[in-house]
Amino acid sequence: MHANCEQYDPASIEPFWQDFWERNGTFRASDPDERPRFYGLDMFPYPSGAGLHIGHPEGYTATDIVCRFKKARGFNVLHPMGWDAFGLPAEQYAIKTGTHPAQTTKANIENFRKQIKQIGFAIDWTREINTTDPDYYRWTQWIFLQLYRLGLVYVDEKPVWWCPELRSVLANEEVIQGRSEVGNHPVERRNLRQVVLKITDYADRLIEGLNDLDWPESTKRQQQAWIGRSEGAEVKFTIDTKAKPEVTVFTTRPDTLFGATYLVLAPEHPLVDSITDPSRMADVEAYREKARAKSDLDRTDLAKEKTGIFTGAHAINPVNQARIPVWIADYVLASYGTGAIMAVPAHDERDYEFAKEFQLPIQRVIEPGQSKGNGHTPELPFGGDGSLVHSGDFSGLSTAEARKKITDHLSQQDAGKASVNYRLRDWIFSRQRYWGEPMPMLWVNQEAWEKASANRETPVGRALPQGPVTSRIDDEVRYALPIPPEQLPLTLPEVETFQPAGTGESPLATIPEWLNVWFNTETGETLSQSEERPAGDEWVAARRETNTMPQWAGSCWYHLRYMDPDNKEALVDPEKEKYWQSPDLYIGGSEHAVLHLLYARFWHKVLHDVGAVSSDEPYRKLFHQGIILGDDGEKMSKSRGNVINPDVVIDAYGADSLRLFEMFLGPLEDMKPWNPSGIEGVHRFLKKVWRAFIGQDGKTSPKIITGGEEAKDLQKALHQTIHKVTEDIEGLRLNTAISQMMIFINQVTKAEAVQRSTAMAFLQLLAPFAPHMSEEIWARLGGEPGIANAPWPEADLSLLTSDSVKYVVQVNGKVRGELNTAKDTGKDEVLAAAKEIEKVASFLEGKTIRKEIFVPGKIVNFVAN
RNA sequence: GCCCGGAUGGCGGAAUCGGUAGACGCUGCAGACUUAAAAUCUGCUUUCCGUAAGGAAGUGGGGGUUCAAGUCCCCCUCCGGGCACCA
């Protein structure tokens, strides 16, 4: 059985085998299973309206090659695909056209699925998932409830990025240089009620966990930098006013404490009002107003001169009782550390700049260590290490010692303590949008909350955290209650309009009959307030949370759902989870180096903590494919008109050529341009393979023979190829694996005859790369259909070593000849023979050999003059 | 500014335990087959000198280590990515 064509015709061959694989369930993963598992995962796509991009098949093909290879090597392979389908584009399209996002999403998914299937991936389609499917997102909501129960959810008024154009709040990470990442619209600061996840509680574990991961080093470093752990001390300064309030600052350099010549508070610091001298109040207020009006872009622009204003207050330095002025300045961030700093202009560039600007004193307290040799101390500011001066009893200590001693001293005086800060902020988890997972939470008054929390044995009681989660809503303190797991999924209601409310609330806030409900504080049942209040004390009035989750939510845990996509009882069956553990290989773009990969690690660790998963990290081995540029070397974009559509390539050359070419373009991790004529090359190669094994009549080529021994050189070439391709797939060097197969097929083309077994073995090597053609030729040569099921050939390394070796002979490092000799020829004999070579002799003539270099089996070099 | 990664023919790229630089592919040129074209096949294709044999130079630039450097060390230029007043 095979496709019906005499010549190589991808259009008839490819659908034939895709259909064959589907009907036979060739790529179904099975669990439980005795075989070792291999789980290959791609970052699942957002199914956009534009359809598949040429970049998608790059990573997918690489994963596919590895998965097919692992299958041939006897692994039980899980290679799934799904859709990250919540998100802004469908919602914005809905706002424009009124089309329900679910409808757009469904159509886009169908298109994506069709396109991806055309490429012939070894995907287990029975495990397809979709983040917008209530059967999927009920578990996303379930995870949210775990976070809530663990006390990792809180609600806070936060100054957040508000994008007027998108009418939505954006996370810090979604704002780039003062503009929205999506759509590049201007953004501004607004105070809005936000649901926040305490990812900072996991900061240390997220750093430590990186150690054991087989990830690109640069990605680990990026995560580390993003988390930005810094160790230092908090120091308390007493403000010299009647009330004697204290200001706590954070510093990584407690050793420079004697050099603190002023304090700076962020303009938003809560103590500013109380410490500011009445005479300065008007000026300070004006400055704060100006700072507030500044966009963050202005505030963080390093090139801008530093601004600030004196509060009139003074603070007392706890180590030397120095009385130093207290300023406010917007170069100090309210959101980091304590929102206040001690300024040490002699040893900090920013403080130095500020001190110069406002003529504040500068006191050197560190002398550089050894480098005194040249007689001059370096210019200020000096940020390096050294030894302390002008620092009282601590003078003379090294900076490292002083950091510890001064911190200890502060602790004893109750004037400070060692402290750790992170650049990482808590994760603003709410979006004021429609097309996202609704949060399974609602808001009640204190009395109702007390009622619910009194009994921890009910569905609602069991889902509660230790303490209350509260928020001010409409000027009243409200208490959060969970919609318990038993009541999930909480599905999205239908809405009239997809426009955000414009008040900073999602469109969900515009549906009163959904928004206002009667809530059963024991069972967690809800009933619209448009109905009559049911009888019983346990029914209370509640208002639903209207925020939805960000797009990251669904992608934080999808790797788990593939293991058990239809489970109604649990997010994943524990037995299956233990078997599959987590992806053995995860391929996706480096643009997700921080956000998706950090959030997913956070959630995975939380799930580990609640016992839902056995592993501690979600992705043990990670690989980033590089992006494919247009043939002009520029990033592909509609406006540049350099976009290549995979469909067009498949129509012209077939999926096998597309797959092969994407892999042949260059190293998988590199950024590389698309070369339109390069595809001809790999297509030509495939045609050559066809002609090498298939005759004019479409049957086995007369060159193929059965019985007898393969010619030595061809046999050697085959085993070289098996060896190289095997190693290259393991190392994801797919471009060089293809080169090797080209070399082999060139040799086959020149050969008079080829053993059938040689052809079959080669087809096996080619199968992960060009699976359709390989299946087809395999079947035509009489192989049992399903080359995908055949075991991988083993390289016989003994065939690769030969009895003779070739020496390169150099004179003064320049190649002057070659020498073929038996492998075990001794040094003296080789050197003597090398000198006999005519050209070598001519270059040695009239010279004295000063040195003879002999590298066994490799090279001879005569140094002569 | 700081932290990463990179730079090799006309082009994409091979070769890094230091040991023949340019595998493989594209392009180009010449030839074969053909009435012709397509397809296919063969040869050549880093630069310079030379009819050739051969020689010299050569992996972004400069210096160094070594018998030997694309590969190791120092300095610099350019390109890509990340961070960006985080105290």
Side-chain angles (χ1 to χ4, degrees), chain A residues 7 177 216-226 228-230 232 249-253 256 264 266 299-304 306 329-333 335-344 347-351 353-354 383 421-425 590-591 593-594 624 626-627 629 631 633 660-661 664-667 669-682 684-685 687-688 691 733 735-746 749-750 806-818 839 842 849-855 857-864:
Chain A
Q7 302 303 313
Q177 303 249 315
E217 280 306 314
S218 64
T219 303
K220 289 197 201 180
R221 257 192 293 268
Q222 271 186 60
Q223 291 217 348
Q224 216 153 21
W226 189 266
R229 181 190 158 96
S230 40
V249 304
F250 173 72
T251 177
T252 54
R253 294 295 302 273
T256 63
V264 187
R299 262 184 85 154
T300 58
D301 190 348
L302 279 152
K304 290 267 153 52
K306 295 216 171 2
D330 64 6
Y331 80 92
V332 173
L333 306 175
S335 52
Y336 183 78
T338 59
I341 62 153
M342 63 180 211
V344 185
H347 304 289
D348 181 283
E349 213 172 301
R350 297 150 302 181
D351 298 341
E353 227 179 278
F354 190 81
N421 263 291
Y422 301 91
R423 205 192 75 103
L424 181 72
R425 307 294 151 84
S590 59
E591 66 272 21
V594 176
H624 298 308
I627 61 170
L629 306 170
D631 57 13
L660 212 54
F661 185 53
F664 191 59
L665 231 32
E669 65 272 29
D670 282 6
M671 181 190 283
K672 51 217 169 251
W674 183 263
N675 173 357
S677 56
I679 184 113
E680 296 278 359
V682 291
R684 218 170 280 163
F685 163 67
K687 283 193 286 190
K688 226 187 236 182
R691 279 197 314 274
R733 292 180 297 269
N735 53 331
T736 51
I738 295 169
S739 295
Q740 181 60 40
M741 289 191 282
M742 286 173 165
I743 291 169
F744 177 76
I745 226 56
N746 285 343
T749 305
K750 285 184 186 127
K806 187 170 78 178
Y807 279 92
V808 171
V809 183
Q810 301 182 330
V811 177
N812 287 332
K814 295 210 161 125
V815 180
R816 298 301 179 189
E818 281 177 6
K839 222 163 91 184
S842 77
I849 295 176
R850 303 288 174 193
K851 203 167 176 183
E852 292 170 338
I853 307 287
F854 175 79
V855 182
K858 274 197 170 160
I859 204 162
V860 170
N861 188 11
F862 297 110
V863 184

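Chain naming here is simple, since letters A, B, ... match the order of the sequence lines and numbering starts at 1 in each. Atoms considered below: every heavy atom in the structure, side chains included; atoms not considered: hydrogens, waters and symmetry mates.
- Contacts of D670(A) with the nucleic acid, taken as non-hydrogen atoms under 4.0 Å apart, are absent.
- Aromatic ring centroids of F854(A) and Y807(A) lie under 6.0 Å apart.
- Counting non-hydrogen atoms under 4.0 angstrom, V808(A) reaches a base of the nucleic acid.
- The residue L665(A) sits close only to the backbone: its heavy atoms come under 4.0 Å of sugar-phosphate atoms, none of a base.
- Closest approach to the Y331(A) side chain among G19(B), C85(B), A14(B) is made by C85(B) (side chain taken as heavy atoms from C-beta onward).
- Candidate nucleotides U20(B), A87(B), C85(B) were compared by shortest atom distance to the side chain of D330(A), and C85(B) ranks first.
- When the nucleotides C3(B), U20(B), A87(B) are ranked by their closest atom to the side chain of R221(A), C3(B) comes out on top.
- Using a 4.0 Å heavy-atom cutoff across all strands shown, E852(A) reaches no nucleic acid atom at all.
- Using a 4.0 Å heavy-atom criterion, one finds that E349(A) contacts no nucleic acid atom at all.
- Residue contacts for K839(A): at a heavy-atom cut-off of 4.0 Å it reaches the sugar-phosphate backbone alone, with no base atom in range.
- Base pairing analysis places C17(B) opposite nothing; no Watson-Crick or G-U wobble pair with both distances below 3.5 Å involves it.
- Checked against G82(B), G19(B), C4(B), the side chain of Q222(A) finds its nearest nucleotide in G82(B).
- Both S218(A) and I341(A) sit near RNA chain B, but only S218(A) has its closest nucleotide nearer the 5' end.
- Across every strand in view, C83(B) sits in a pair with G1(B) that passes the Watson-Crick or G-U test at under 3.5 angstrom.
- Within 4.0 Å (heavy atoms only), V855(A) reaches at least one base atom of the nucleic acid.
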Requested in this report: Encode nucleotides 24-31 of chain B as B, S and - characters from 5' to 3', where the letter depends on protein heavy atoms closer than 4.0 Å: B to the base, S only to sugar-phosphate, - to neither.
Outcome: BSSS----
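- In this entry C29(B) has G43(B) as its Watson-Crick or G-U wobble partner, both defining distances falling under 3.5 Å.
- Here the separation of A15(B) from G6(B), taken at their P atoms, is 14 Å to the nearest Å.
- Surrounding CD of Q7(A) are more than 12 heavy atoms belonging to other residues, nucleotides or ligands, all under 6.0 Å away.
- For G55(B), the OP1/OP2 oxygens have a side-chain nitrogen or oxygen of R816(A) closer than 4.0 Å.
- Within 4.0 Å (heavy atoms only), R733(A) reaches no atom of the nucleic acid at all.
- Of the candidates A87(B), G13(B), C85(B), G13(B) carries the atom nearest the K672(A) side chain, counting heavy atoms from C-beta on.
- Look at U65(B): it lacks any Watson-Crick or wobble partner with both distances under 3.5 angstrom.
- Base pairing analysis places U34(B) opposite nothing; no Watson-Crick or G-U wobble pair with both distances below 3.5 Å involves it.
- Residues meeting the ring pair (Phe, Tyr, Trp, His ring centres under 6.0 Å) test with F661(A), sequence neighbours left out: W674(A).
- Going from atom NZ of K858(A) over to atom C1' of C67(B) covers 16 Å, rounded to whole Å.
- Rounded to the nearest Å, the gap between the P atom of A68(B) and that of A53(B) is 30 Å.
- Figure legend. G58(B) is base-paired to no nucleotide; pairs are counted as Watson-Crick or G-U wobble with both atom distances under 3.5 Å.
- In terms of position along RNA chain B, the nucleotide closest to E217(A) lies nearer the 5' end than the nucleotide closest to the other residue of the pair I853(A) and E217(A).
- Residues D631(A) and P673(A) form no side-chain contact, since every pair of their non-hydrogen atoms from C-beta on lies 4.5 Å or further apart.
- In this structure, the nucleotide among A15(B), U40(B), G12(B) sitting nearest to the side chain of K687(A) is U40(B).
- Under the Watson-Crick or G-U wobble criterion, with both distances below 3.5 Å, U71(B) is left unpaired in every strand shown.
- In summary, the side chains of N746(A) and K688(A) do present a donor paired with an acceptor at a separation below 3.5 Å, with no hydrogens or angles considered.
- Of all nucleotides listed (C83(B), A68(B), G55(B)), C83(B) comes nearest to the side chain of R423(A).
- Side-chain proximity of Y336(A) to A14(B), G19(B), A87(B): nearest is A87(B).
- When heavy atoms are screened at a 4.0 angstrom cut-off, S230(A) is found touching the sugar-phosphate backbone but no base atom.
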